[in-house]
Amino acid sequence: MHLFHGTADTTVSCEQSVNFANACTRIGLKVDVTMFKGKSHTDPILEDAVSGSDLLTKQMLQIVRGNTQKDVPQKQIWNLQPKFMLRMARWCNPF
């Protein structure tokens with residue numbers, strides 16, 4: 001099982017992912033936890049995905065492909081939104 005969480009998430013505490021991972025480990029499940037430093041609740045799934053800086057998708061593709069090395073270089077994903085729109089989205093996002 002893979003858990004991903006942003007450390008700047010004010011909607012769901014990072015501690016919840018850690019606690020869930022610990023509970024799963026206690027019953028014998030293998031759990032990998034990745035914390036995205038400075039990322040909010042939606043950064044990894046929304047803002048990053050359209051900005052071209054999509055670490056979540058890159059890591060998920062590595063997992064699907066069977067390559068779990070986190071430092072393997074990936075192709076840059078193109079920026080799909082103007083930067084001012086991304087700044088505005090981050091500013092008004094309630095999460």
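Keep in mind that what you see is a predicted model, and the values were worked out from it rather than measured.
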Can you give each donor-acceptor pair under 3.5 Å made by side-chain atoms of residues 24-31, sequence neighbours left out, with the distance rounded to 0.1 Å?
{"from": "Thr25", "atom 1": "OG1", "to": "Ala21", "atom 2": "O", "distance (Å)": "2.8"}
{"from": "Lys30", "atom 1": "NZ", "to": "Asp32", "atom 2": "OD1", "distance (Å)": "3.2"}
{"from": "Lys30", "atom 1": "NZ", "to": "Asp32", "atom 2": "OD2", "distance (Å)": "3.3"}

Report summary line: When rounded to the nearest 0.5 Å, the distance separating CG of Asp9 from NZ of Lys39 is 13.0 Å
**Report entry** side-chain contact (heavy atoms from CB on, under 4.5 Å) evaluation trace for His5 with Val12
**Finding:** CA-CA 9 Å; His5 208 117; Val12 179; 3.7 Å; yes
Requested in this report: Indicate yes or no: at least one non-hydrogen side-chain atom of Leu3 is less than 4.5 angstrom from one of Phe20.
Outcome: yes
Report task. Quick one: list whatever passes side-chain contact (heavy atoms from CB on, under 4.5 Å) with Val18, sequence neighbours left out. Result -> Asn22, Met35
Requested in this report: Give the minimum heavy-atom separation between Gly6 and Cys14, together with the two atoms involved.
Outcome: O-SG, 3.2 Å
